[in-house]
Amino acid sequence: MPITSEDREILRLAVPAFGALVAEPLFLLADYAIVGHGLGTTAVGALGVAGTVLTTVVNLCVFLAYGTTAAVARLTGAGEHTRAMRNGVDGLWLAIGIGLAVIAAGWPLAPWVVDLFGAAPEQAAQAVVYLRISLLGVPGMLVVLAGTGVLRGLQDTLTPLVVAIGSFALNAALNAWFVLGLDWGIAGSAWGTVAAQTAGALVYLAVVVKGARRRGVSLLPDPAGLKQAGTAGFALLVRTVCLRVVLVVATVVATRMGQAELAAFAISTQVWSLLAFALDAIAIAGQAITGRALGAGDVAATRSATRRMVLWGVWSGVALAALVLLARPYIPGLFAADPQVTAELLAVLWPVALFQPICGVVFVLDGVLIGAGDQKYLAWAGVWTTLAYLPAALLATGWNVVALWCALGLWMIARLITLVRRALGTAWLVTGA
């Protein structure tokens, strides 16, 4: 595939986004590796439960990044730079408010939420400890989402990369020190992540505040802007709820299969998330390019860029599938997995790898439609694809973790059908600010 000017623009945005996105699952992968070596299989399973709850909470608020990226990019393409920065400031205030509300609600509900997974008592106790401490880092995590969305909308994916690398390095160092050095147990892993995420949030606040002052935008919250940001994000919230329902149901099913199955599923889910974020780098470029092109009224450029990004998604998925299969014999050793967990993990990595080319197309088209502001369609599509997945997941309960991953593969195929159908039409090609 020869490199064109479109490809260079895609890569200019996608390559830094790749690094920043990969850093996110690396936070939990570093936790899994350190906890696995220092604390054992029970703690890894507890981290799997608590990590699923925490990432569910944070990902429900992903509209802070995606919605902000689309809105800021469209306004930037239309030349409305001051309005774009005002939108970004409102997004940060919304992130802080939601984060504080999550702490207030999540702390007393943590034991009840963990019990829903049916984990063994020792796993459940450790999961509650990790979850409660990690909740303190949620405001920082959400500010990172909103700040990332602002910069991506401004066509800057390099700054998020620098912040992500710094946060990951700090997270790994603190976790190793707290868990292996100070012997704080699973609580040490949680405190290390809280500190790293909060430090990253402070950097984003500084960058956005500087940009707002340069444009003469007030730093005080704007009630109308907050309402608009929240309303615009509702459809993305529905879409995200559907995505999280799929993964939470899968975790519940794996939990009821046994401790070894849960540990293998938890590790394979983090590997899959790492691959998903890698593929999502092209989707991030899709959000920024689509929003900017449609804001400028250029439908032809939007169509052309979409075709190129889909090709990049397919070939990236093929490359990641090959990488997983090559690394498959060595992955269990990274987490000090015992023989039973190793056997389960080696089996389940096959479907994880083979579905990557489909994932590549799904994530790219998802990003393109988000950038176009087509959130309402994505919300309804999310509902229907989730309904297609749930019976398959329930059938997998009587089988094994491989069957569970095949159910997840069916879900990805359903998403592929709905997204390709929409992209081939014209309803999403709305131009202007």
task: Evaluate the side chain to side chain contact (heavy atoms under 4.5 Å, CB included) criterion for residues Leu75 and Met85: first the C-alpha distance (whole Å), next the side-chain angles of each, then the deciding distance (0.1 Å), finally the verdict.
output: CA-CA 9 Å; Leu75 289 167; Met85 188 54 68; over 6 Å; no

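- Of the inter-residue distances, the one linking Asn171 atom CG with Thr193 atom OG1 reads 4.0 Å to the nearest 0.5 angstrom.
- With contacts defined as side-chain heavy-atom distances shorter than 4.5 Å, the pair Leu349/Leu345 qualifies.
- Separation of atoms CG (Leu94) and CG (Leu145) is listed at 11.0 Å; rounding is to 0.5 Å.
- The shortest side-chain heavy-atom distance between Val49 and Gln126 does not fall under the 4.5 Å cut-off.
- Listed by chain and number, the residues in a side-chain contact (heavy atoms from CB on, under 4.5 Å) with Leu323 are Leu320 (sequence neighbours excluded).
- Within the structure, the side-chain hydrogen bond (donor to acceptor under 3.5 Å, both in side chains) test picks out the following pairs touching residues 145-165 (sequence neighbours left out): Thr148-Tyr204, Gln155-Arg292, Asp156-Thr159.
- Here the side chains of Phe63 and Thr240 are not in contact, with every heavy-atom distance at 4.5 Å or above.
- The number of heavy atoms from other shown groups lying within 6.0 Å of CZ (Arg303) is above 12.
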field: Verdict with reasoning, Trp93 to Leu220, per side chain to side chain contact (heavy atoms under 4.5 Å, CB included)
entry: CA-CA 9 Å; Trp93 277 111; Leu220 296 176; 5.7 Å; no

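- Residues Ile284 and Gln287 form a side-chain contact, since some pair of their non-hydrogen atoms from C-beta on lies under 4.5 Å apart.
- For the pair Leu275/Cys359, no side-chain contact is recorded, criterion being any heavy-atom separation below 4.5 Å from C-beta on.
- The main-chain N or O of Val194 is found under 3.5 Å from a side-chain atom of Thr198 such that the two form a donor-acceptor pair.
- Note that the CG atom of Asp298 and the OG1 atom of Thr431 stand 10.0 Å from one another [nearest 0.5 Å].
- Closest non-hydrogen pair, Ala195 versus Leu170, comes out as O-CD2, 4.3 Å.
- The side-chain contact (heavy atoms from CB on, under 4.5 Å) check on Leu202 picks up Leu205, with sequence neighbours excluded.
- The two residues Ala407 and Tyr389 make their nearest non-hydrogen contact at O-CD1, 3.5 Å.
- The shortest distance between side-chain heavy atoms of Leu378 and Leu419 falls below 4.5 Å.
- Val238 is not listed as a side-chain neighbour of Trp380, based on a closest heavy-atom distance of 4.5 Å or more.
- Among pairs with a residue in residues 96-116, none fulfils side-chain hydrogen bond (donor to acceptor under 3.5 Å, both in side chains), at least two apart in sequence or across chains.
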Show the atom names and distances, to 0.1 Å, of all donor-acceptor pairs under 3.5 Å that link a side chain in residues 361-373 to residues at least two apart or in another chain.
unit_1 : atom_1 : unit_2 : atom_2 : d
Asp366 : OD1    : Arg239 : NE     : 3.4
Asp366 : OD2    : Arg239 : NE     : 3.2
Asp366 : OD2    : Arg239 : NH2    : 2.4

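- By the salt bridge (Lys or Arg N to Asp or Glu O under 4.0 Å) test, Arg86 pairs with Asp90, sequence neighbours left out.
- Across Asn175 and Ser189, no two heavy atoms sit closer than the pair OD1-O, 3.0 Å.
- Within the model, atoms OG1 of Thr385 and CG of Leu416 stand 11.5 Å from one another, a figure rounded to the nearest 0.5 Å.
- Between Phe117 and Thr251, the closest side-chain pair of non-hydrogen atoms falls below 4.5 Å.
- What you find for Ala293 and Thr302 is that their closest heavy atoms are CB-OG1, 3.4 Å.
- Within the model, atoms CG of Leu174 and CG of Leu182 stand 10.0 Å from one another, a figure rounded to the nearest 0.5 Å.
- In this structure, the side chain of Trp312 does not engage the main chain of Gly360 through any donor-acceptor pair within 3.5 Å.
- Applying the side-chain hydrogen bond (donor to acceptor under 3.5 Å, both in side chains) definition to pairs two or more places apart or across chains, those involving residues 60-71 are Tyr66-Asp280.
- Considering all non-hydrogen atoms of both residues, Cys61 and Leu142 come closest at CB-CD2, 3.7 Å.
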- prompt: Are Leu135 and Val102 close enough, and set up right, to give a side chain to side chain contact (heavy atoms under 4.5 Å, CB included), and what steps lead you there?
  reply: CA-CA 7 Å; Leu135 285 172; Val102 168; 4.0 Å; yes

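- A salt bridge (charged side-chain N to carboxylate O under 4.0 Å, His left out) check over residues 184-207, counting only residues at least two apart or in different chains, returns nothing.
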- prompt: side chain to side chain contact (heavy atoms under 4.5 Å, CB included) between Trp272 and Gln356: does it pass, once the steps are laid out?
  reply: CA-CA 9 Å; Trp272 184 83; Gln356 290 312 301; 3.7 Å; yes

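- By the salt bridge (Lys or Arg N to Asp or Glu O under 4.0 Å) test, Arg215 is found to be paired with no residue, residues two or more places apart in sequence or in another chain being considered.
- Applying the side-chain contact (heavy atoms from CB on, under 4.5 Å) test to Val241 and every residue at least two apart in sequence or in another chain returns Leu60, Leu237, Val245.
- Heavy atoms only, all atoms of each residue included: Tyr130 and Ala50 are closest at CD2-CB, 3.7 Å.
- When the side-chain contact (heavy atoms from CB on, under 4.5 Å) test is applied to Ala266, the partners found at least two apart in sequence or on another chain are Tyr32.
- Here CE of Met309 is found 9.0 Å from CD1 of Ile282. Values are rounded to the nearest 0.5 Å.
- Applying the side-chain hydrogen bond (donor to acceptor under 3.5 Å, both in side chains) test to pairs two or more places apart or on separate chains, those with a residue in residues 413-430 are Asp374-Arg422.
- In terms of modelled atom types and a separation under 3.5 Å, the side chain of Ser134 and the main chain of Leu131 share no donor-acceptor contact.
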